[in-house]
Enquirer: 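Sending over a structure as structure tokens; questions will come in a sec.
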There are 2 protein chains.
Amino acid sequence: MTKAISSVAESDIEITEPCPIRDVLDRIGDQWSLLVLEALSARTCRFNELTREIGDISRQMLSRTLKRLEQDGFITRTVYAEVPPRVEYELTDLGRSFLVPMQALVRWADANHLAICRARKTFAPR
Amino acid sequence: MTKAISSVAESDIEITEPCPIRDVLDRIGDQWSLLVLEALSARTCRFNELTREIGDISRQMLSRTLKRLEQDGFITRTVYAEVPPRVEYELTDLGRSFLVPMQALVRWADANHLAICRARKTFAPR
DNA sequence: CAGAATCCAATCAGATACTG
DNA sequence: CAGTATCTGATTGGATTCTG
């Protein structure tokens, strides 16, 4: 991820990664980030709620995914000093604003999945 | 990629992959597909034109990426019986329709990249 | 020019076990 | 409950070489 398709000036001191698209897609393009964001779009969730909601994610991967999303400012993590411990994950404004283009993509995928499956089946190698 | 976030009936015989979002994102979420689609959004391109246009892609990866995009029905591959050989890649209607949500995502990434970079810098681990 | 084949390194993702 | 640590196998991506 080094090439830039961006209108942002590359001399901007705040930006270390030169290409926003590659940078953003490296994050949300992984196996789980979109699923987590989708789950959190409805409501604030606790760790194990997310595990159940998503269904087939390991705690390991959920943990890593949440940490990255938190680092990138998509979600917040709130720890309550209780016993047993309670931790809640919630979308930030940035996270919520991301839902707009993300859900457009989801709708496209939903609408065109059948066409893609058909294309795969009718594709003649060579 | 097994969990479904879809409104499409899972009993649909044409669909082998149960989740459109995961399925689609597994394809375009890779390192290069979006870059190739972006390059082809302007005009039909030949193989080495794409290599130059994208800049840091190896012929190997470009070849693989193009083949998958062709299989999924995003692009067409046209071989001209000339010497030296000429092969042109072009977006299909499906590919062009994908540009709409994709470019919305690109715009979001462009607009919010700075915020993400800042979030990363100010993130205090522990 | 437009690839395919081969080999290799890095990263990803799952299973399992352990912790505060 | 909410994680972390470790190990391991699978997948990705790059470099290099070869070909019609």
Side-chain angles (χ1 to χ4, degrees), chain A residues 1-3 17 19 21-23 25-36 39-40 44-72 75-90 123-126, chain B residues 1-3 17 19 22-23 25-36 39-40 44-72 75-90 123 125-126:
Chain A
M1 288 290 179
T2 52
K3 179 86 180 305
E17 275 294 328
C19 177
I21 293 93
R22 297 199 194 190
D23 194 24
L25 269 148
D26 272 359
R27 300 308 174 113
I28 59 87
D30 76 328
Q31 211 82 359
W32 302 113
S33 294
L34 283 199
L35 280 302
V36 171
L40 288 174
T44 296
C45 275
R46 299 175 62 173
F47 189 86
N48 278 354
E49 282 179 333
L50 285 170
T51 306
R52 281 188 296 275
E53 199 102 358
I54 297 175
D56 56 348
I57 191 172
S58 64
R59 277 171 304 170
Q60 163 91 284
M61 289 312 296
L62 179 56
S63 177
R64 288 184 196 170
T65 304
L66 287 170
K67 196 168 294 175
R68 266 198 329 195
L69 289 174
E70 188 194 359
Q71 273 183 23
D72 287 359
I75 63 175
T76 58
R77 177 179 182 273
T78 311
V79 184
Y80 294 89
E82 303 174 359
V83 180
R86 183 162 60 103
V87 180
E88 299 211 318
Y89 294 93
E90 188 174 12
F123 181 77
R126 178 143 359 272
Chain B
M1 289 289 179
T2 53
K3 179 83 180 310
E17 275 294 328
C19 178
R22 297 200 195 189
D23 193 24
L25 269 147
D26 272 359
R27 299 309 175 112
I28 59 87
D30 75 328
Q31 211 83 357
W32 302 112
S33 293
L34 284 199
L35 279 302
V36 171
L40 287 174
T44 297
C45 275
R46 300 175 63 173
F47 188 86
N48 278 354
E49 282 178 333
L50 285 170
T51 306
R52 281 188 296 275
E53 199 100 0
I54 297 174
D56 55 348
I57 191 171
S58 65
R59 278 172 304 170
Q60 163 90 286
M61 288 312 298
L62 180 56
S63 177
R64 287 185 197 171
T65 303
L66 288 169
K67 196 169 293 174
R68 266 200 329 198
L69 290 174
E70 188 193 0
Q71 272 183 24
D72 287 0
I75 63 175
T76 57
R77 176 177 183 274
T78 311
V79 184
Y80 294 89
E82 304 174 356
V83 179
R86 182 163 61 103
V87 180
E88 299 211 317
Y89 294 92
E90 189 174 12
F123 182 75
R126 182 104 7 251

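Chain letters run A, B, ... following the sequence lines, proteins first and then strands; every chain starts at 1.
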Enquirer: Please report the distance, rounded to the nearest Å, between CG in B:Leu62 and C1' in C:dA2.
Expert: 10 Å

Enquirer: Heavy atoms, side chains only, cut-off 4.5 Å: are B:Asn48 and B:Arg52 in contact?
Expert: yes

Enquirer: Could you check if a side-chain atom of B:Val36 sits within less than 4.5 angstrom of a side-chain atom of B:Leu69, using non-hydrogen atoms only?
Expert: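 Touching, per the 4.5 Å side-chain cut-off.
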
Enquirer: When all nucleic acid strands are considered with a 4.0 Å heavy-atom cut-off, which category describes B:Arg64: base, sugar-phosphate, or nothing?
Expert: base

Enquirer: For A:Gln60 and for B:Arg77, locate the closest nucleotide of DNA chain C by heavy-atom distance; then report the residue assigned to the nucleotide nearer the 5' terminus.
Expert: B:Arg77

Enquirer: Might you point out which heavy atoms bring A:Arg46 and A:Pro85 nearest each other, and give the distance in Å?
Expert: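 In terms of heavy atoms, the two residues are closest at NH2-O, 3.4 Å.
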
Enquirer: I need the CD1-P distance between A:Ile54 and C:dG14, as an integer number of Å.
Expert: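 So the CD1-P distance, A:Ile54 to C:dG14, works out to 12 Å.
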
Enquirer: Does A:Ser63 or B:Met61 map to a spot on DNA chain D nearer the 5' end, using the closest nucleotide for each?
Expert: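 Final value for this comparison: A:Ser63.
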
Enquirer: Looking only at side-chain atoms of B:Asn48, point me to the closest of D:dA2, C:dA2, D:dG13.
Expert: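 For the B:Asn48 side chain, the nearest candidate turns out to be C:dA2.
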
Enquirer: Does any N or O in the side chain of B:Ser33 come within less than 3.5 Å of the main-chain N or O of B:Gly29, such that one atom is a donor and the other an acceptor?
Expert: no

Enquirer: Mind checking whether A:Leu66 and A:Trp32 have side chains closer than 4.5 Å, heavy atoms only?
Expert: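 A:Leu66 vs A:Trp32: side chains apart.
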
Enquirer: Roughly, in whole Å, what's the span from CZ in A:Arg68 to P in D:dT4?
Expert: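 Distance check: A:Arg68 CZ to D:dT4 P gives 14 Å.
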
Enquirer: Between A:Trp32 (CH2) and C:dA13 (P), how many Å, whole number?
Expert: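 A:Trp32 atom CH2 is separated from C:dA13 atom P by 9 Å.
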
Enquirer: Could you tell me whether the phosphate oxygens of D:dC1, OP1 or OP2, come under 4.0 Å of any side-chain nitrogen or oxygen in A:Tyr89?
Expert: no

Enquirer: Within this structure, what is the CZ-to-P distance between B:Arg22 and D:dT11, rounded to whole angstrom?
Expert: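 Checked: the CZ to P distance equals 16 Å.
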
Enquirer: With a 4.5 Å cut-off on side-chain heavy atoms, are A:Gln31 and B:Asp26 touching?
Expert: yes

Enquirer: May I have the distance from A:Leu66 (atom CG) to D:dA2 (atom P), rounded to whole angstrom?
Expert: 11 Å

Enquirer: Could you tell me, to 10°, how much the axis swings from one end of the helix from C:dC1-D:dG20 to C:dG20-D:dC1 to the other, five pairs per end?
Expert: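 Between the axes fitted at each end of the helix from C:dC1-D:dG20 to C:dG20-D:dC1 lies an angle of 50°.
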
Enquirer: Give, ordered by number, those residues of residues 78-87 of chain B having at least one heavy-atom distance below 4.0 Å to an atom of DNA chain D; if nothing qualifies, reply none.
Expert: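 Heavy-atom cutoff 4.0 Å gives B:Pro85.
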
Enquirer: Determine, for B:Asp30 against B:Arg64, whether the closest basic-nitrogen to carboxylate-oxygen distance falls under 4.0 angstrom.
Expert: no

Enquirer: Between B:Ser58 and A:Arg59, which residue's closest nucleotide on DNA chain D lies nearer the 5′ terminus?
Expert: A:Arg59

Enquirer: I want to check something: taking the side chain as every heavy atom from C-beta on, are A:Ile57 and A:Leu35 in contact at a cut-off of under 4.5 Å?
Expert: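 They are not in side-chain contact.
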
Enquirer: Does A:Tyr89 reach the side chain of A:Glu49, with side-chain heavy atoms less than 4.5 Å apart?
Expert: no

Enquirer: Would you mind reading off the distance between A:Gln31 atom CD and C:dT11 atom C1', rounded to a whole angstrom?
Expert: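 Those two atoms, CD and C1', are 13 Å apart.
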
Enquirer: If you only use heavy atoms from C-beta on, which nucleotide in D:dG13, C:dC1, C:dA4 is closest to the side chain of B:Lys67?
Expert: C:dA4

Enquirer: Measure the shortest side-chain to side-chain distance between A:Glu88 and A:Thr76 over non-hydrogen atoms and say whether it is less than 4.5 angstrom.
Expert: no

Enquirer: Write down the distance between CG (A:Asp26) and P (C:dT11), rounded to a whole number of angstrom.
Expert: 12 Å

